[in-house]
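We use all heavy atoms of the structure for the numbers below, so side chains are in, but hydrogens, waters and symmetry mates are not.
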Amino acid sequence: VTEKRKLARQGNRIVRQLLLKDPNKSLHVLVVNNPRLGLDEALEYSQRPNLAPDALKAMSQNRTFLNSRQFIFNLVRNPSTPVDIAVRLLPRLSPNQWQIIARPGSVRTPISAAARKLVMQKQG
């Protein structure tokens with residue numbers, strides 16, 4: 001376990017991808033905090049529904065990743081992202097993305113309700 005933790009903090013891309021498949025979810029946070037993690041990997045990881053919620057929360061606090069609307073869109077649509085984080089990120093998306101999220105069944109109910117509210121405010 002200690003070796004895996006060290007690899008999660010310092011490993012290369014292949015090692016990080018393997019560690020995300022590990023049943024120990026505490027490794028996920030270490031993987032996403034790895035300084036070598038780039039936006040391309042962050043985009044990929046933000047779509048993974050099996051990623052630990054704590055890891056998604058850690059990713060949502062990275063300013064570099066938050067410059068990408070696609071990253072934010074992936075986080076909002078990910079079922080593992082905590083609802084409060086997803087709702088907080090909604091205003092950073094475009095009105096077209098709000099409409100996609102506002103559709104019934106596309107995301108969890110509180111998130112789609114918040115997106116519908118943003119769409120209504122934009123229209124009204």
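Residues R13 and E44 are paired through a salt bridge, judged by an N-O separation under 4.0 Å between the basic side chain and the carboxylate.
Distance alone, capped at 3.5 Å, is enough to place a donor-acceptor pair between the S106 side chain and the I101 backbone. A donor-acceptor pair is defined here as one N or O able to donate and one able to accept, closer than 3.5 Å; no such pair exists between the side chain of S68 and the backbone of F65. A donor-acceptor pair is defined here as one N or O able to donate and one able to accept, closer than 3.5 Å; no such pair exists between the side chain of S80 and the backbone of A52. With hydrogens and angles disregarded, a donor-acceptor distance shorter than 3.5 Å links the side chain of N78 to the backbone of R48. One N or O on the side chain of N34 and one on the backbone of G11 form a donor-acceptor pair closer than 3.5 Å.
Here the OG1-CZ distance, from T81 to R88, works out to 11.0 Å after rounding to the nearest 0.5 Å. For the atom pair CZ of R69 and CG of L93, the computed distance is 7.0 Å after rounding to the nearest 0.5 Å. Taking CG from N74 and CG from L89, the interatomic distance works out to 11.5 Å, rounded to the nearest 0.5 Å. Interatomic distance, CE of M59 versus CG of L75, reported as 6.0 Å (0.5 Å rounding). We find the CG-NZ distance between N50 and K21 to be 9.5 Å, quoted to the nearest 0.5 Å.
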May I have the step-by-step check of side-chain contact (heavy atoms from CB on, under 4.5 Å) for F73 and I100, ending in yes or no? CA-CA 10 Å; F73 187 65; I100 293 168; 3.9 Å; yes
Show, in sequence, the C-alpha distance, side-chain angles and deciding distance for L27 and L7, and conclude whether the side-chain contact (heavy atoms from CB on, under 4.5 Å) test is met. CA-CA 9 Å; L27 293 174; L7 284 171; over 6 Å; no
Yes or no on side-chain contact (heavy atoms from CB on, under 4.5 Å) for S46 and R77, after CA distance, side-chain angles and deciding distance? CA-CA 9 Å; S46 64; R77 294 184 66 204; over 6 Å; no
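More than 12 heavy atoms of other residues, nucleotides or ligands sit less than 6.0 Å from atom NZ of K25.
When side chains are defined from C-beta on, F71 does not count as touching N62, because their heavy atoms never get closer than 4.5 Å. Annotation: side chain of L39 is not in contact with side chain of T64 (no heavy-atom distance under 4.5 Å). In this structure the side chain of K4 reaches within 4.5 angstrom of the side chain of D22, judged on heavy atoms.
In terms of heavy atoms, P49 sits closest to P79 at CB-CG, 3.8 Å. Pairing each heavy atom of L30 with each of R9, the nearest pair is CD2-NE, 3.9 Å. When all heavy atoms of Y45 and L56 are compared, the pair lying nearest together is O-CD2, 4.4 Å. Contact record, V76 with I111: CG1-CG2, 3.7 Å, taken as the closest heavy-atom pair. Contact record, A114 with L90: CB-CD1, 3.5 Å, taken as the closest heavy-atom pair.
No chain of hydrophobic side-chain contacts below 4.5 Å, direct or via other Ile, Leu, Val, Met, Phe, Trp or Tyr residues, connects V15 to V29. Linking Ile, Leu, Val, Met, Phe, Trp and Tyr residues whenever their side-chain heavy atoms come within less than 4.5 Å leaves V31 and L18 in two separate clusters. The same ILVMFWY cluster, assembled from side-chain heavy atoms under 4.5 Å apart, contains both L51 and V83.
Contacts of K57 classified as salt bridge (charged side-chain N to carboxylate O under 4.0 Å, His left out), with partners at least two apart in sequence or in another chain: none.
Partner of E41 under the side-chain hydrogen bond (donor to acceptor under 3.5 Å, both in side chains) criterion, out of R36, Q17, R16: R16 alone.
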